[in-house]
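This chain uses plain numbering: 1 for the first residue, then up along the sequence.
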Amino acid sequence: MNPPKTDARRHHDPQVRGFASDNYAGAHPEVLAALALSNGGHQVAYGEDAYTEHLQQVMRSHFGATAEAFPVFNGTGANVVALQAVTDRWGAVICAESAHINVDECGAPERVGGLKLLTVPTPDGKLTPELIDRQAYGWDDEHRAMPQVVSIAQATELGTVYTPDEIRAICEHAHARGMKVHLDGSRLANAAASLNVPMRAFTNAAGVDLLSLGGTKNGALFGEAVVVIDQDAVRHMKHLRKLSMQLASKMRFVSVQLEALFARDLWLRNARHSNEMAQRLAEGVRAVHGVEILHPVQANAVFARLPHDVTVRLQKRFRFYFWDETAGDVRWMCSYDTTEEDVDTFVAALKEEMAR
């Protein structure tokens, strides 16, 4: 059968690459093939389809027999829905000051979710039991929002990675104080690849109650999921997902993408590759005099400091963002489709601009 004709036209140059975000990459061919496979015919809407049902088995293989996945459209939606499910109206969430839920979600957890974020400055984006205790108090004080959840990110917003023991210590500490633990896993695959351990090693095995599982940054077209591990910890997830406008009618097209990533090893192959490209980039950057790498490169991000004028010129050649423009800090992200040539070309351009 000939492919269907379309009036759609390509409006971009597929050879153009950048280091601004792993969201810039297209969908992985295996994900697109899965979408095509799931198309055609009728499937029950709103999650009662065969693909969403099978996704539950896939998620349990990673996160234990009690895990239940609730597919959603995007990462902010996943975080807001998850945090609402483990808080009261007077509840608060303890998180790192640099956390995505605090700095990159337009206030959605607070304005849409109705939550108070209790932030803690961290040198590397990672919380510890001692840092948590800076905000973990006042449960009986009606004048203060009640700390009910600790939210951590794996990998963190600064590209660092928690070890399983570090997350286990956080979970034990939080649970002992009556709090739940949420894990923002938009780059969970990159963390697992970096640690060379299964995802369960630092989620259900470490005591995490629920997590936001990322797909988009690792090769999906769109779609994430809230994965509930401790069923006793959450309330009314189905209703919260609908209320938060995160219930897809044609959910099979979200679920099948997550199945394509996580049923076998595509998630790991993609994450390993993007991590390896970040290591290659860091190695190249370290050889450039006058450029400083700011944080350990443990996932697919490289944070660096360089002269402001160099950044401005380099941004005309490659797309990437300032992280802190005043300080001259930038972030470079690698994706599943970043090539060695992409990295080497970028490093060569950096050397040229630094030499000017």
Side-chain angles (χ1 to χ4, degrees), residues 10 12-33 75 100 104 153-161 185-196 214-224 257 260-262 265-288 291 293-306 310-311 313-323 329-354:
R10 176 173 279 164
H12 77 290
D13 181 354
Q15 302 304 314
V16 172
R17 303 299 184 98
F19 293 86
S21 172
D22 36 10
N23 286 324
Y24 278 38
H28 193 280
E30 292 180 37
V31 172
L32 292 177
H100 197 275
D104 269 318
Q154 177 77 321
T156 73
E157 198 69 0
L158 300 182
T160 53
V161 171
S186 64
R187 296 187 177 95
L188 197 73
N190 297 94
S194 176
L195 294 167
N196 196 30
T216 309
K217 291 177 170 62
N218 199 30
L221 182 65
F222 66 92
E224 324 283 300
Q257 294 181 71
L261 283 172
F262 294 104
D265 67 344
L266 180 58
W267 66 274
L268 186 57
R269 283 187 278 129
N270 287 351
R272 279 177 174 164
H273 179 79
S274 57
N275 287 2
E276 288 168 0
M277 292 302 99
Q279 289 294 334
R280 186 182 185 91
L281 176 58
E283 290 171 9
V285 168
R286 289 190 183 99
V288 181
V291 180
I293 292 180
L294 300 174
H295 304 293
V297 179
Q298 297 176 332
N300 61 325
V302 178
F303 290 82
R305 180 173 295 161
L306 58 157
V310 172
T311 296
R313 293 198 302 269
L314 193 58
Q315 284 176 326
K316 295 177 181 179
R317 303 171 66 173
F318 296 88
R319 187 71 181 261
F320 64 92
Y321 295 119
F322 275 107
W323 191 252
D329 300 350
V330 299
R331 185 191 73 168
W332 299 316
M333 296 298 303
C334 294
S335 308
Y336 79 87
D337 63 348
T338 301
T339 67
E340 293 182 357
E341 183 181 3
D342 293 335
V343 172
D344 296 346
T345 301
F346 180 80
V347 171
L350 174 62
K351 290 178 179 178
E352 290 175 8
E353 298 299 344
M354 286 294 293

Worksheet entry | Rounded distance [0.5 Å steps], CD in Glu353 versus CZ in Arg317 | 5.0 Å

Worksheet item: At what distance, to the nearest 0.5 angstrom, does CG of Asn218 lie from CG of Asn23?
Response: 11.0 Å

Worksheet entry | Nearest atoms (heavy-atom pairs only) where Gly26 meets Asp337 | N-OD2, 4.4 Å

Response to the item:
Closest heavy-atom pair, Met277 versus Thr339, reported as atoms and distance to 0.1 Å, is SD-C, 3.7 Å

Worksheet entry | Main-chain N/O of Thr156 paired to Thr160 side chain as donor or acceptor, under 3.5 Å | no

Worksheet entry | Backbone of Glu157 reached by a side-chain donor or acceptor of His100 within 3.5 Å | no

Worksheet entry | Nearest heavy atoms of Asp342 and Phe19, plus distance in Å | O-CZ, 3.7 Å

Item to complete: Please report the shortest heavy-atom distance between Gly159 and Ala301, naming the atom on each side.
Response: CA-CB, 4.3 Å

Item to complete: Measure the shortest side-chain to side-chain distance between Leu195 and Gln298 over non-hydrogen atoms and say whether it is less than 4.5 angstrom.
Response: no

Item to complete: Assess whether side-chain contact (heavy atoms from CB on, under 4.5 Å) is satisfied between Gln315 and Phe322, documenting all intermediate values.
Response: CA-CA 10 Å; Gln315 284 176 326; Phe322 275 107; 3.9 Å; yes

Worksheet item: Is any side-chain heavy atom of Arg331 less than 4.5 Å from a side-chain heavy atom of Ser21?
Response: yes

Fill in: Chi angles and distances behind the side-chain contact (heavy atoms from CB on, under 4.5 Å) call for Met333, Ser274
CA-CA 9 Å; Met333 296 298 303; Ser274 57; over 6 Å; no

Response to the item:
Rounded to the nearest 0.5 angstrom, the OG1-CZ distance for Thr338 and Arg17 is 7.0 Å

Worksheet item: Just how far is it from atom OG of Ser186 to atom NZ of Lys217, taken to the nearest 0.5 Å?
Response: 4.5 Å

Item to complete: Take Asn270 and Leu261, measure what side-chain contact (heavy atoms from CB on, under 4.5 Å) needs, and give me the verdict at the end.
Response: CA-CA 9 Å; Asn270 287 351; Leu261 283 172; 4.0 Å; yes

Discussion item. Listing request: all salt bridge (charged side-chain N to carboxylate O under 4.0 Å, His left out) pairs with a residue in residues 21-31, at least two apart in sequence or in separate chains.
Written reply: Asp22-Arg187, Glu30-Arg269

Worksheet item: Is Val297 close to Gln279 at the side-chain level, that is, under 4.5 Å between some pair of heavy atoms?
Response: yes

Response to the item:
Residues passing the ring pair (Phe, Tyr, Trp, His ring centres under 6.0 Å) test with His28, sequence neighbours excluded, are Tyr336

Item to complete: Drop me the distance from Asn300's CG to Glu276's CD, to the nearest 0.5 angstrom.
Response: 12.0 Å

Item to complete: Measure the spacing between NE2 of His273 and CD of Glu340 and express it to the nearest 0.5 Å.
Response: 7.5 Å

Practice prompt. Step by step, work out the side-chain contact (heavy atoms from CB on, under 4.5 Å) result for Trp267 and Leu188.
Written response: CA-CA 10 Å; Trp267 66 274; Leu188 197 73; over 6 Å; no

Discussion item. Give me the atom names and distance for the closest heavy-atom approach of Leu281 to Cys334.
Written reply: CD2-SG, 4.2 Å

Fill in: Residues which pass ring pair (Phe, Tyr, Trp, His ring centres under 6.0 Å) with Phe303, listed by chain and number, not counting sequence neighbours
His295, Trp323

Discussion item. Just so I know, are the side chains of Arg305 and Val291 near enough to count as touching, which here means a heavy-atom distance under 4.5 Å?
Written reply: no

Discussion item. Please give me the minimum heavy-atom distance between Ala155 and Val161, naming the atom from each residue.
Written reply: CB-CG2, 4.0 Å

Practice prompt. Could you check whether the rings of Phe320 and Phe346 sit parallel, tilted or perpendicular, using 30° and 60° as the cut-offs?
Written response: perpendicular

